[in-house]
Amino acid sequence: MRVPFSYLDRQFADIDAYLGDLRAFVPSGDFTLGKPLQEFERRFGELVGLPHVIGVASGTDALILSMKIRGVGPGDEVITTPMTFIATVGAIAMTGATPVFVDSEDGFVIDPAKIEAAITPRTKAIVPVHYTGNVADMPRIAELAKARKLLVFEDACQAIAAKLDGKPAGSWGETASFSLHPLKNLNVWSDGGLIGTRSAELAEKLRLYRNHGLMNRDEVAFFGHNSRLDTLQAVIGNRLIGSTEEKTEKRIGFARRYDEAFAKLGDRVRVPARRPGVRHVYHLYVVRVQKRDELLRFLNERGVEAKVHYPIPVHLQPAARHLGYKEGDFPVCEADCKQIVTLPRAPVPDRCRSRIYD
Ligand SMILES: Cc1ncc(COP(=O)(O)O)c(C=O)c1O
């Protein structure tokens, strides 16, 4: 039996509905910041429970623009965890700031107890990553950030519709960054991202910043980027967004079944502790296994597309060499990277796969 990692072909098997939407939209010529984008931003805000949403070109851009608009730049340090996809750290580096790492904890998110020790006079911000769809301990992080006058930018690229104590991911930071990459829980047909924020003032600035700083056709408030979420992608997003809650519930259901099954295996499969109050949305279902590489080979040979996200922690990547970290600096993350395995969470066939980093 083949158990694929993603289910993109099944998801878009009924392509006529999507093409119908595009056919109806194209004659309008409303391609740049068009009406479907405004509708999608509004509906996404309702989905994730944030009042202001700004569509941008990718989750990576969402992070970069969020940090830059709040003045993060050269000379600043930004704290995050090496247990993440490279984009979190790349985004910090792209602002000109220096990434500073703090180890992760059992749930693959930043360990709040270790943040204080990483703060220096140059620390400007913390970027907690809601990795795998779990939510970092935001009340504790927000409290610490307030006490130390630090900004918080939530990387919610893997955490669309995740919550903690009923509050949506994105409720604590300046902004939350979301990704619409084809493998994300809400996905479009290309790259795409969204910034969510509770601040009307920040939202207004970000709307200008993603569009060259243009106040209108002829006047520019400040220099900015061209990082608009493509209106064509918003057309696709508008068709999909209505089913995101249902799909999220399905993912949660699959994860629960896995958790229950693995609980019977004792130490052979270590499921991370599920923190009470978290609505984990399982962008990735990750467990720890001692003989990880053997298990991976065993599963892959039998058609089960298990993967590893990711075998090399960010601080040990060649790209991070100049930061001066070494093996042993972040023992929890390093041990996890040797033992983690991501299991497929949708047992349906797959023929259309992302060639970038699935
Ligand atoms: C944790 C995390 N941060 C940031 C990103 C970047 O998002 P995008 O691929 O839309 O640029 C991703 C995407 O995979 C991610 O998983």
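Order of listing sets the numbers, starting from 1, for every ligand and every atom in it.
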Measuring only between side-chain heavy atoms, which start at C-beta, is Asn187 closer than 4.5 Å to Gln11? yes
For ligand 1, is His130 a contact, meaning one of its heavy atoms is under 4.0 Å away? no
Which is it for Val129 and ligand 1 at heavy atoms under 4.0 Å: side chain, backbone, both or neither? side chain
May I ask you to check whether His309 and Phe5 place their ring centers less than 6.0 Å from one another? yes
Atoms in ligand 1 flagged as close to Ala87, the criterion being non-hydrogen separation under 4.0 Å: 4 (C), 5 (C), 6 (C)
Answer with side chain, backbone, both or neither: which part of Thr60 has a heavy atom less than 4.0 angstrom from an atom of ligand 1? both
Going by atom types alone, do His52 and Thr197 pair a side-chain donor with an acceptor below 3.5 Å? no
Say whether Asp155, considering both its backbone and side-chain N or O atoms, lies within less than 3.5 Å of an N or O atom on ligand 1. yes
Does a donor on one side chain and an acceptor on the other come within less than 3.5 Å for Thr120 and Glu77? yes
Going by heavy atoms in the side chains, are Asn211 and Leu33 under 4.5 Å from each other? yes
Ligand 1 N/O within reach of Tyr131 N/O, cut-off under 3.5 Å: no
List ligand 1 atoms under 4.0 Å from Cys157, heavy atoms only on the residue side. 2 (C), 3 (N), 4 (C), 5 (C), 7 (O), 12 (C), 15 (C)
Counting from 1 in the order shown, the ligand 1 atoms closer than 4.0 Å to a non-hydrogen atom of Thr84 are 1 (C)
May I ask you to list the atoms of ligand 1 that are less than 4.0 angstrom from any heavy atom of Gly59? 7 (O), 8 (P), 10 (O), 11 (O)
Determine whether the side chains of Asn185 and His283 contain a donor N or O and an acceptor N or O closer than 3.5 Å. yes
One residue to check: Lys184. Relative to ligand 1, which of side chain, backbone, both or neither has a non-hydrogen atom less than 4.0 Å away? side chain
Per salt bridge (charged side-chain N to carboxylate O under 4.0 Å, His left out), Arg43 is matched among Glu41, Glu46, Glu39 by Glu39
